[in-house]
**Student:** 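Here you go, one structure.
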Amino acid sequence: MTDGRRRAWLLIASFGASAALLKPVQDRVDARFRQPSTVLDVLYFGSPRVARALALGYNSLLADVYWMRSIQYYGRRDEAARRPVRYGNLVALLEITTELDPDLLDAYRFGGVFLAEPEPAGAGRPDQAIELLDRGIVRHPLEWRLYFDKGFTYFWFVKDYAKAAEAWLAASRLPTAPNWMEALAAMSLSRGGAVETARALWERQDQESNRQDVKKNARNHLISLRVDEDRWTLEFFVERYRKKFGAWPARLADLVRVGLLKYVPHDPSDTPYLYDPATGEVRLSPATGVLYLKIPYDYRAAFMEKLARAFGPN
Amino acid sequence: MRVLAIARNTFRENIRDKVLYNLVLFALLMIVSSLALGQLTLGHTDKVIVDLGLSSISMIGTLIAIFIGISLVSKELERRTVYALLAKPVHRWEFILGKFLGLAFTLTVNVVIMTAGLILTLACHGVGAGSCLRLLPAVYLILLSLGLTTALALVFSTFSTPALSALFTFFLWVIGHFNGDLLELGRLVESAVFLRLCRVLYYVLPNFSNFSVIDSRNVIQSAAYYRPIDPWGVAWATAYGLVYGSLLLGIAIAVFSRRDFK
């Protein structure tokens with residue numbers, strides 16, 4: 001073998017060895033020095049105005065980058081758990097996004113939801129969500145959806161029905177607003193109308209939205225409302241059975257046998273509800289296809305009273 | 001005619017220097033963004049594609065304008081081809097103008113191909129022809145801005161080294177986006193002299209925000225929402241580009257004409 005050829009083989013061998021060693025060495029460094037205890041939670045720009053000044057005319061692109069960062073920041077639940085403050089920087093990210101692109105309506109609308117959702121799903125800061133939506137309303141005073149979302153935040157997360165109605169009434173006065181907005185405001189103001197308004201809200205979102213994820217979320221909420229009401233109805237009749245026969249029924253079918261019910265309802269995915277004959281409790285089966293979302297209203301007592309009125313005394 | 005011959009040669013030289021390879025990068029960017037953006041963002045995928053496309057056209061164009069612009073004259077001096085050229089009946093102003101037009105044409109070809117790529121990507125996402133047409137004023141303004149950057153690089157190229165020319169051009173390009181803040185700064189400091197100095201600088205330094213902001217709206221942002229851009233704003237930006245560009249070319253010609261090649 002000539003010297004030149006030997007050198008070439010040596011070069012190839014050393015190149016191959018380096019390439020083969022690259023991954024194990026990097027993995028070793030990662031394992032030894034980069035413990036994933038906390039996640040780096042860096043904003044890069046503290047002030048939205050500084051970000052705008054430094055964008056050098058590429059505001060729109062930078063806004064997209066910050067919007068995507070906001071979505072990822074919110075969406076990565078596993079990472080959020082390892083941050084010093086779960087969603088501490090979310091509001092700043094959304095402020096930078098909307099300062100860079102004041103017309104990005106989704107940043108106000110979905111950003112508001114990200115901020116308002118209670119922990120652990122969101123930042124649990126409906127006050128910041130309302131501030132963000134208010135900034136959007138100042139910039140887009142004719143955009144009824146922002147008023148709708150503000151009302152929604154007051155209604156759903158703050159439970160201030162008067163403020164919600166105020167926002168929806170303001171929306172109903174806008175020329176582009178749909179005509180059901182006024183009815184929504186009236187419903188919110190009506191006494192005990194919280195659940196009915198919630199149902200109307202989700203039905204509207206299901207019908208009006210052109211986004212499949214929004215529709216799906218609305219349907220899941222409607223289904224969850226139905227599941228709660230099914231369970232409570234069954235528990236109401238289980239209790240009646242106990243009063244009549246002195247013991248819990250052995251199974252739900254007993255309610256039909258004694259004439260209290262015409263049939264035993266299944267959940268919306270057509271899976272039978274689970275019944276505990278020791279406590280009389282009815283719940284969803286683990287085999288269910290329903291994605292149950294907890295409804296933040298405790299209207300069980302009011303619902304039971306309604307059933308008692310409808311079916312008379314024992 | 002001699003100007004056009006120099007311009008044609010500059011264009012050919014740029015092609016030989018593989019300047020158009022950036023188009024591959026742009027195509028990859030468009031393909032990857034098309035595939036990945038749907039996963040990363042909530043709605044507005046076409047808006048992000050427009051933002052990314054137009055910003056890339058502008059950034060890639062600016063890099064070409066700076067790095068090719070600074071070598072337009074210095075490379076000829078380094079290779080000593082300028083001596084052979086100027087020995088022929090070619091005026092120095094023709095040389096400078098030809099060089100400028102050659103690079104401007106290279107940039108135009110680049111921008112046209114990249115815009116076509118962007119429109120194709122948008123068409124794949126179901127964006128109609130009417131909306132795509134709304135991007136054209138923004139593309140035109142980007143092209144104007146690139147022309148001015150080229151002229152700026154050319155000025156420095158006539159008397160400085162390529163490294164320093166790149167640095168000067170880049171700094172002026174950055175400062176050119178902060179011109180409005182310069183006036184604000186002058187108003188903040190309570191000094192008549194400082195205010196006057198800021199005013200002078202405001203007019204003397206190139207104002208690149210004339211091409212990126214029209215009617216208080218960012219041009220790329222307007223295009224991304226398919227909003228029309230005020231034609232008068234475009235016309236005044238064109239006027240500014242022509243006036244400032246002529247001034248820069250005048251300076252470049254004056255400096256190059258006085259340069260001693262012995």
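Just so it is clear: chains get the letters A, B, ... in the order the sequence lines come, proteins before strands, and each one is counted from 1.
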**Student:** OG/B:Ser55 to CG/A:Leu62 distance, rounded to the nearest 0.5 angstrom?
**Tutor:** 9.5 Å
**Student:** Counting only heavy atoms not in B:Phe170, do more than 12 sit closer than 6.0 Å to its CZ atom?
**Tutor:** no
**Student:** Which one wins on heavy-atom pair count under 4.5 Å against chain B: A:Asp101, A:Asn59, A:Leu100?
**Tutor:** A:Asp101
**Student:** Just how far is it from atom OH of A:Tyr58 to atom CG of B:Leu52, taken to the nearest 0.5 Å?
**Tutor:** 12.0 Å
**Student:** Near A:Lys163 NZ, under 6.0 Å, is it more than 12 heavy atoms from other residues, nucleotides or ligands?
**Tutor:**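 At most 12 heavy atoms, drawn from other residues, nucleotides or ligands, come within 6.0 Å of this atom.
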**Student:** Is it the side chain or the backbone of B:Ser56 that comes within 4.5 Å of chain A heavy atoms, both, or neither?
**Tutor:**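 Neither; nothing under 4.5 Å.
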**Student:** For A:Gly57 and B:His177, which heavy atoms make the closest approach, and how far apart are they?
**Tutor:** N-CD2, 4.2 Å
**Student:** Does a sphere of radius 6.0 Å around CZ in B:Phe67 hold more than 12 heavy atoms from other residues, nucleotides or ligands, not counting ones at 6.0 Å or beyond?
**Tutor:**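 No.
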**Student:** Heavy atoms only: give me the nearest A:Ser60-B:Ala224 pair and the separation to one decimal.
**Tutor:**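 Closest approach of A:Ser60 to B:Ala224: OG-CB, 4.3 Å.
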**Student:** With a 4.5 angstrom heavy-atom cut-off, which part of B:Thr62 approaches chain A: side chain, backbone, both or neither?
**Tutor:**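 B:Thr62 touches chain A through side-chain heavy atoms alone.
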**Student:** Quick check on B:Phe105: does its CZ atom have over 12 non-hydrogen neighbours (other residues, nucleotides or ligands) under 6.0 Å away?
**Tutor:**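 No, because the 6.0 Å sphere around CZ of B:Phe105 holds 12 heavy atoms or fewer from other groups.
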**Student:** How about CZ on B:Arg199, more than 12 heavy atoms from neighbouring residues, nucleotides or ligands closer than 6.0 Å, or not?
**Tutor:** no
**Student:** Are A:Leu104 and B:Tyr225 side-chain neighbours, meaning at least one heavy-atom pair lies under 4.5 Å?
**Tutor:**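 SC-SC contact between A:Leu104 and B:Tyr225 confirmed.
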**Student:** Heavy atoms, side chains only, cut-off 4.5 Å: are B:Trp173 and A:Leu56 in contact?
**Tutor:**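 Yes. Closest side-chain heavy atoms under 4.5 Å.
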**Student:** Does B:Lys47 come within less than 4.0 Å of A:Asp103, counting only side-chain N to carboxylate O?
**Tutor:**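 No, this pair does not count.
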**Student:** Are there more than 12 heavy atoms of other residues, nucleotides or ligands under 6.0 Å from atom CZ of B:Arg227?
**Tutor:** yes
**Student:** B:Val219 versus chain A, heavy atoms under 4.5 Å apart: side chain, backbone, both or neither?
**Tutor:** neither
